[in-house]
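Worksheet for the structure shown next.
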Amino acid sequence: MSSPVSYELEGNIGVISVDSPPVNALSHAVRQGLLEAITTAQSDASEAIVIICAGRTFIAGADITEFGKPMQSPWLPELLDTIEASSKLVVAAIHGTALGGGFETALAAHYRCALPSAKVGFPEVKLGLLPGAGGTQRTPRLAGVQAALDLITSGAPISAGLAEKAGLIDKMIDGDLREAAIGWAGELIADGAPIRRSSEQVVPEHEATLFDEYRAGLARRTRGQIAPANIVSAVEAAATLPFEEGMAVERKLFMECMDSSQSAGMRHIFFAERQASKIDGLAKETPKRAVASVGIIGGGTMGGGIAMSFANAGIPVTMIEISDEALQRGLSIIERNYAGSVKRGKLSEEKAAACRALISGSVDYAALADVDLVVEAVFEDPDLKKKIFGWLDTVCKPGAILATNTSYQDVDEIAAATSRPEDVIGMHFFSPAHIMKLLEVVRGEKTADDVLATVMALAKKIRKVAVVSGVCYGFIGNRMLRPYAKTAQLLLLEGASPQQVDSAMEAWGMAMGPMRVFDLAGLDIGYTARKALSDEQKGDPKSYRVPDLLVEAGRLGQKSGAGFYAYDDNRRPSPDPAVDEMIATAAADLGVERREVSDEEIVERLISSLVDEGHKILDEGIAQRSSDIDIVYIYGYGFPASRGGPMFYADQQ
Ligand code: T1G
């Protein structure tokens with residue numbers, strides 16, 4: 001088995017090249033190859049050394065597939081110390097994304113050069129980890145404490161240009177990276193440039209109080225997470241201890257993170273997200289249809305958000321509404337959303353204007369004659385949806401994909417309203433559609449493979465995390481939400497208050513407790529849907545009695561200023577004794593004995609309700625794999641990534 005690391009002399013420069021697709025991760029073979037190469041270079045004719053990578057990126061990190069297994073030597077920290085200790089000047093040549101252990105490798109070199117398109121960073125915190133090979137010790141020595149804390153606790157990559165400004169990269173390269181890096185190494189030797197070891201540098205001056213201030217700020221933002229706090233402590237060690245001792249502190253804090261269930265959960269999500277884009281039985285080379293333009297039916301909150309998702313990816317959109325007045329209202333929602341993104345600094349004025357310019361509107365379906373995809377996003381009326389798909393069937397060109405954004409309706413029935421069921425698919429976005437990353441892709445019985453492959457690839461282009469679902473009421477996420485909501489109602493009747501249920505779940509890690517979610521979505525939606533059902537279809541009255549009482553009292557949720565909570569003008573919730581009375585009355589009517597309910601019972605019963613339904617969804621083949629269900633709940637329902645998703649969490653218990 002040839003090593004993924006090669007070493008050759010180019011004139012007086014030793015060139016170490018890593019070629020280990022897909023991202024040159026620091027697998028055991030790569031670490032072994034780097035050690036052999038740097039050792040050889042110490043005693044050959046080379047006068048300086050360049051470390052460079054083949055393929056699309058410089059080393060993108062430790063090999064996450066090796067985590068959880070016994071680490072084989074050479075261990076990365078020791079390997080990087082060996083590179084830094086080189087008696088010959090070492091240059092790292094960066095392209096693509098030098099992340100985590102990859103960037104730590106570059107920092108162990110004595111000089112760093114990069115293409116302007118390169119990015120560097122420490123995503124470890126997104127895996128519940130911290131840089132464990134000297135990143136927390138070398139970065140503050142080169143860039144200062146504040147920059148190191150910002151870079152490592154954010155987990156976000158920065159451009160090579162910004163890294164150069166921070167002192168993390170020494171030279172920007174135009175043209176061929178390998179040629180330029182070798183030339184630059186030659187210049188450095190000719191200029192007598194010193195061997196500059198980051199570990200020997202002193203951390204620049206900083207306020208001693210910076211660490212406690214940083215911890216306080218982080219605590220609010222990263223409630224209960226171990227890694228961010230450990231990062232601050234590791235960087236503090238760099239600022240207060242000699243390098244070797246600082247490295248020992250980093251190691252201890254790193255292992256604490258690595259051994260935590262939080263990191264296990266977040267690493268699970270890393271792979272689960274990539275696994276979700278793979279469809280069992282669908283060949284990777286399935287042809288994809290071109291999607292150069294899109295039509296959206298409906299300019300409401302969902303239609304507007306969906307239109308923005310495509311426009312933000314550079315795809316022109318035509319939005320259809322039933323009247324000019326409705327169309328203008330829809331377009332103004334989009335204007336407001338873009339203005340909001342610019343105000344929050346999420347988008348530049350120019351970018352927002354460019355995206356906005358890609359969205360046009362019409363009241364005439366004929367405007368959709370040439371689009372490659374239509375997403376229907378009208379309200380949940382099955383008959384209206386079928387009528388719309390009948391129109392689309394006649395108006396849209398052959399090969400156009402017809403998608404519905406329905407949250408619950410039967411995609412097969414909607415497909416049957418057309419003469420081309422193979423072109424029909426579900427694309428279930430989550431509100432607000434221009435922000436939420438989850439996209440449930442609902443595969444109809446007759447949906448063609450190339451239509452499915454096209455939509456899955458398109459999801460990546462519009463920066464959504466797509467999960468394939470079969471056809472059932474509520475698909476994956478909303479179907480699991482029903483038993484979850486029912487359990488939440490039973491807990492109220494049995495004695496827990498809305499705020500107790502919510503605070504128990506939010507303390508456990510949910511972004512928002514169930515009662516706040518129902519108030520946000522609007523209690524009237526479920527109420528209206530129930531009106532269309534028989535008592536038998538509605539099921540146990542305990543599951544909806546309280547919401548019915550609330551709606552009949554005009555308490556629709558946030559939208560009406562009161563629901564399970566009372567809301568002030570800024571929509572801040574506060575418990576309302578009137579609701580407690582309604583719950584007690586409902587419990588008495590329904591003969592439910594009230595009692596003390598513990599937070600533990602609340603969490604256990606609510607999470608179990610998700611997991612039990614998840615198992616049924618798997619048994620019925622609605623979801624391909626349990627990790628897909630985890631992705632749905634992490635990206636669509638605010639389930640904490642540090643718990644790995646409902647199914648992973650249940651397996652861990
Ligand atoms: N280890 C193993 N496999 C990896 C990997 C990694 N670090 N990164 C990506 N892959 C696989 C991925 O599973 C997929 O496989 C393929 O590469 C393409 O990935 C000691 C402890 C680099 C920005 O967290 O952010 O270093 O599905 O689909 O969209 O301090 O991958 O094709 O079989 O994501 O172009 C720190 C994680 C590790 C970087 C490329 N590094 N990777 O994005 O492709 S911890 C990371 C990414 C660490 C040290 C610490 C992205 C990418 P498959 P992809 P992409």
Side-chain angles (χ1 to χ4, degrees), residues 4 18 20-31 34 53 55-69 71-72 74-81 83 94-108 117-139 148 151-159 227 230-231 234-235 247 250-251 253-260 263-264 266-280 284 437 456-457 459-466 625 627-628 631 641:
V18 181
S20 181
V23 296
N24 290 314
L26 285 157
S27 61
H28 174 245
V30 169
R31 298 196 306 275
L34 282 169
C53 292
R56 60 178 169 162
T57 177
F58 190 80
I59 299 166
D63 185 337
I64 310 175
T65 61
E66 290 183 356
F67 289 169
K69 299 170 194 159
M71 187 59 81
Q72 293 170 288
W75 283 23
L76 189 55
E78 289 158 359
L79 167 62
L80 300 193
D81 287 347
I83 291 174
I94 300 172
H95 74 293
T97 50
L99 300 173
F103 192 35
E104 289 175 302
T105 303
L107 294 178
S117 55
K119 289 181 181 294
V120 300
F122 291 112
E124 286 90 338
V125 71
K126 294 179 186 168
L127 298 170
L129 297 171
L130 55 82
T136 65
Q137 307 301 305
R138 292 191 168 98
T139 308
L151 184 61
I152 303 172
T153 58
S154 72
I158 59 173
S159 68
N230 278 15
I231 288 167
V235 174
M247 283 298 286
E250 178 190 85
R251 188 96 210 125
L253 294 167
F254 173 80
M255 289 314 295
E256 198 179 291
C257 292
M258 178 63 90
D259 295 342
S260 71
S263 182
M266 294 165 93
R267 296 197 311 265
H268 164 73
I269 289 303
F270 174 84
F271 287 115
E273 183 181 328
R274 285 154 181 78
Q275 192 64 11
S277 63
K278 294 177 179 110
I279 298 160
D280 302 339
K284 209 163 177 164
K437 284 177 72 88
M456 292 304 281
K460 262 198 172 148
K461 184 170 168 62
I462 63 174
R463 302 172 62 75
K464 297 295 179 188
V465 176
R625 52 186 86 88
S627 61
D628 281 7
I631 291 298

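First listed ligand is number 1; within each ligand, the first listed atom is number 1.
- Rounded to the nearest 0.5 Å, atoms OG (S263) and CD (E256) are 12.0 Å apart.
- Contacts with ligand 1 closer than 4.0 Å are made by side-chain heavy atoms of L127 only, the backbone lying farther away.
- Just one residue in the list M258, M266, E104 forms a side-chain contact (heavy atoms from CB on, under 4.5 Å) with E124, and that residue is E104.
- Here the side chain of T57 pairs a donor or acceptor atom with the backbone of T97 at under 3.5 angstrom.
- Considering backbone and side-chain N/O of E104, one or more are found under 3.5 Å from N/O of ligand 1.
- Although no hydrogens or angles enter the test, the distance criterion places no donor-acceptor pair under 3.5 Å between the side chain of H268 and the main chain of A641.
- Considering backbone and side-chain atoms together, P123 places no N or O closer than 3.5 Å to any N or O of ligand 1.
- For ligand 1, none of its N or O atoms has an N or O atom of G100 under 3.5 Å away.
- Proximity of atom 35 (O) of ligand 1 to the protein is indicated by at least one non-hydrogen atom lying closer than 4.0 angstrom.
- Note that CG of L127 and CZ of F270 are 6.5 Å apart. Values are rounded to the nearest 0.5 Å.
- The distance from ligand 1 to the heavy atoms of P131 drops below 4.0 Å at these ligand atoms: 30 (O).
- The protein reaches atom 41 (N) of ligand 1 closely, with a heavy atom under 4.0 angstrom from it.
- At a 3.5 angstrom cut-off on N or O pairs, K460 does not count as close to ligand 1.
- Heavy-atom proximity to F67, at under 4.0 Å, picks out these atoms of ligand 1: 21 (C), 45 (S).
- Considering backbone and side-chain N/O of F271, none are found under 3.5 Å from N/O of ligand 1.
- L26 contributes atom CG, which lies 6.5 Å from atom CG of L34 (distance to the nearest 0.5 angstrom).
- For R251 (side chain) and P77 (main-chain N/O), no donor-acceptor pair under 3.5 Å exists by modelled atom type.
- Under the 4.0 Å distance rule, the nearest protein heavy atom to atom 3 (N) of ligand 1 falls outside the cut-off.
- Considering only heavy atoms from C-beta on, N24 stays 4.5 Å or farther from V30 through its side chain.
- Nearest protein heavy-atom neighbour of atom 25 (O) of ligand 1: L99 CD1, 4.0 Å.
- Protein non-hydrogen atoms do reach within 4.0 Å of atom 12 (C) of ligand 1.
- Close approach to G61 involves these atoms of ligand 1, each under 4.0 Å from a residue heavy atom: 26 (O), 41 (N).
- Note: L76 CG to M71 CE = 8.0 Å, rounded to the nearest 0.5 Å.
- Relative to atom 27 (O) of ligand 1, the option among K278, Q275, R267, R274 with the closest non-hydrogen atom is K278.
- When heavy-atom distances to ligand 1 are checked against a 4.0 Å cut-off, I64 comes that close through both its backbone and its side chain.
- Of the protein's heavy atoms, at least one falls inside 4.0 Å of atom 53 (P) of ligand 1.
- Shown here for A133 and M247, the closest heavy-atom pair between the two residues is C-CE, 4.2 Å.
- For a threshold of 3.5 Å applied to N or O pairs, the pair formed by F254 and ligand 1 contains no separation below that value.
- Ligand 1 does not have M258 within reach: every non-hydrogen atom of the residue lies 4.0 Å or more from it.
- Using modelled atom types, no side-chain atom of R267 and backbone atom of L129 make a donor-acceptor pair closer than 3.5 Å.
- Close approach of ligand 1 to D63 is summarised as follows: ligand atoms under 4.0 Å from at least one heavy atom of the residue are 1 (N), 2 (C).
- Using a 4.0 angstrom heavy-atom cutoff, F122 does not count as in contact with ligand 1.
- The shortest N or O to N or O distance between A62 and ligand 1 is under 3.5 Å.
- Atom 18 (C) of ligand 1 has its closest protein heavy atom at R56 NH2, 3.2 Å.
- Between F122 and the options L151, L99, T136, a side-chain contact (heavy atoms from CB on, under 4.5 Å) holds for only L151.
- In the vicinity of A60, heavy-atom distances shorter than 4.0 Å reach the ligand 1 atoms 22 (C), 39 (C), 41 (N), 46 (C).
- The shortest heavy-atom distance from P22 to ligand 1 is under 4.0 Å.
- Side chains of K69 and H28 form no contact here, defined as non-hydrogen atoms less than 4.5 Å apart.
- Applying the side-chain contact (heavy atoms from CB on, under 4.5 Å) test between C53 and each of I59, I94, V23 identifies I59 as the sole match.
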